[in-house]
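See structure below.
Hydrogens, waters and symmetry mates are skipped; everything else that's a heavy atom, side chains included, is used.
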Amino acid sequence: ISVSQDDFQYYWRRVKERTSSSLSGIHFGHYKSMAHDDNLSQLMARKLSLTTTTGASPDRWARGLSVMLEKIAGVAVVNKLRAILLLEADFNFCNKLIFGHRMINSAREEGMIPEEIFSSKGKTAEDAILQQVLLYDIARVTKRPLLVAQVDAAQCYDRVALPAASLTLQAFKVPNCAVLSMLRPLHNMEFFLRTGYGQSESYFGGKEDGKQGLAQGNGAAPATWQQTSTTIVNVQRRSGHGVTIECPITRKSVRQVGILYVDDTNLWAGLDEDDDLFSTAAKGQASISDWGGLLGATGGALKGEKCGVTIHHQSADGKGGWVYTDQQQRRQGETDGAEMEDNDLSSLAFHVPTTSGATEPIDKLPTNKADNNLGLFARPDGKADQHFEQMKERVTTWTAQIKSGHIPVRSVWMSYSCQLWSGLRYGLGACSTPIARLKKGLSSADFYLLSSLGVTRSITREWRYL
């Protein structure tokens, strides 16, 4: 693998100069300047090509600067911060070019990226959650049991074992030398720290204490994680996990193990014609256990407190209709204290494997509730009340914050367009709520923000939603 002069100039002429990087002090501005000179660009391209073809990287590539960013604005608790590692600018350029661009493009052209992965180019998180909603619809129409397991990988990129990553990358036709040029500096990385008091003079890690993980901020991390997930998905398929979806018109079918968006994963089980409640639960637990084992083989682990299982199961109500089994049993227990049937969902328990070889129990969610899954509260029964309630709460909170401040109307409109509305409209395309509920909108929640936007409250609703 070589780096050409055109590769160097195309990248560095387009990046933002203010991007932070490089503990050595050779920042983006230096490379942007060199990109405007053909001789310097050719010199840098040859230098980087020498590294990728031999695997011998500069010592400065093994020095990184860790910064802690807030996941939630205003919350500076240490365990609520996200650690980002600032790598050398030319090191990250090589990683993005070889792994993030060339390897992924090659895999895409050869059809090696499975349909389950929605973090690839051309797909979004909304596409993934829409597929989840549609699968709930299929299960509701066919009256077949369906298990959906939400399994969340702990620390994602930071737990990837470098030997497993090396084998995965080489399996996707990346030369060994190019892999070494990326993984060796990561293993020998000297981690310095930047805080509000400045940069540390000492470090942890280094050659004497090698670390694992791809590092948040590494341009090759998303591509490496995607290909690692691809390998796990392929193993799950060979093991027979997943559901089969068949088109009723063409009779063509596709088998899918679930949906993945980076480290957020939904595993599916059931939906076969001969499946019942207990066979679906057994298939789902086997899929969860295998997924956790495969993830552990690559260095990862599942966070039990962030995992959960939902079982979509309907039974006849004796009146020509169908009801969700767990909702019916809950109503029976609340009204007359009647004994539950033999297929009581409460008797089913699920767990995820841990790194110590033990298991950790996970929650079982009812069909009339949902967790925030890729930004949408998708309930198995198809109702969107929970999602609209959080939208209404978001509007109320934003309105209270705007009214308690003193900012001009122009700034309020910018906040409304870029902050509030961009969050509210997310997921509406995948929401299965009826048209009548959509027309009702947010009820009176948005009425109280009109004055802050400089709009007269007395206008009719038709003008308000114009």
Side-chain angles (χ1 to χ4, degrees), residues 1-71 73 81-105 121 157-158 178 180-186 188-206 213-224 418:
I1 290 182
S2 61
V3 180
S4 67
Q5 176 184 331
D6 291 337
D7 292 330
F8 185 87
Q9 292 181 334
Y10 180 84
Y11 177 82
W12 287 109
R13 287 180 179 181
R14 286 164 174 78
V15 295
K16 296 180 180 179
E17 186 175 351
R18 296 183 62 183
T19 304
S20 298
S21 71
S22 304
L23 181 67
S24 64
I26 309 176
H27 53 74
F28 272 45
H30 294 104
Y31 294 104
K32 284 185 68 69
S33 299
M34 286 188 284
H36 290 277
D37 184 90
D38 291 341
N39 293 328
L40 291 176
S41 298
Q42 187 177 19
L43 175 64
M44 288 301 301
R46 289 181 177 179
K47 178 182 176 182
L48 296 174
S49 297
L50 184 63
T51 298
T52 57
T53 53
T54 62
S57 55
D59 291 339
R60 61 183 177 85
W61 280 15
R63 299 188 185 96
L65 185 62
S66 296
V67 295
M68 309 293 285
L69 304 181
E70 295 177 351
K71 292 183 180 179
L81 298 177
R82 185 184 303 278
I84 302 295
L85 185 64
L86 301 181
L87 302 173
E88 290 293 315
D90 55 342
F91 179 32
N92 229 2
F93 160 65
C94 268
N95 294 343
K96 291 180 180 180
L97 176 66
I98 297 173
F99 302 97
H101 179 68
R102 292 182 180 176
M103 181 185 69
I104 293 300
N105 284 349
K121 185 178 181 180
Y157 303 154
D158 295 327
L180 282 177
S181 69
M182 188 264 289
L183 296 184
R184 185 177 289 161
L186 292 177
N188 299 330
M189 185 64 64
E190 299 174 358
F191 294 87
F192 293 83
L193 181 64
R194 172 183 290 173
T195 67
Y197 296 97
Q199 296 179 186
S200 63
E201 297 181 357
S202 59
Y203 64 87
F204 71 94
L214 298 174
Q216 295 273 2
N218 177 11
T224 305
C418 301

- Going from CG on Leu214 to OG1 on Thr224, what distance comes out if it is rounded to the nearest 0.5 angstrom? 5.5 Å
- Task: Taking the side chain as every heavy atom from C-beta outward, state whether Asp90 and Trp61 have any pair of such atoms under 4.5 Å apart.
- Result: yes
- Query: Got a second to check how far Leu48's CG is from Ile1's CD1, nearest 0.5 Å?
  - Reply: 13.0 Å
- Item | Chi angles and distances behind the side-chain contact (heavy atoms from CB on, under 4.5 Å) call for Val3, Met44 | CA-CA 9 Å; Val3 180; Met44 288 301 301; over 6 Å; no
- Message: side-chain contact (heavy atoms from CB on, under 4.5 Å), that's the test. Do Phe192 and Glu190 meet it? Break it down for me.
- Response: CA-CA 6 Å; Phe192 293 83; Glu190 299 174 358; 4.0 Å; yes
- Task: Over 60° means perpendicular and under 30° means parallel, so classify the ring planes of Phe204 and Phe191, tilted if in between.
- Result: parallel
- Item | Results of salt bridge (charged side-chain N to carboxylate O under 4.0 Å, His left out) for Arg184 - residues two or more places apart only | none
- Item | His30: partners by ring pair (Phe, Tyr, Trp, His ring centres under 6.0 Å), with sequence neighbours left out | His27
- Side-chain donor/acceptor of Thr52 to backbone N/O of Ser2, under 3.5 Å: no
- Message: Is the ring pair Trp12/Phe93 parallel, tilted or perpendicular, if the boundaries are 30 and 60 degrees?
- Response: tilted
- So, do Phe91 and Ser181 sit near enough that their side-chain heavy atoms are less than 4.5 Å apart? no
- Query: Around atom NZ of Lys71, are there more than 12 heavy atoms of other residues, nucleotides or ligands at under 6.0 Å?
  - Reply: yes
- Would you give the length of the straight line joining atom CG of Leu180 to atom OG1 of Thr54, rounded to the nearest 0.5 angstrom? 9.5 Å
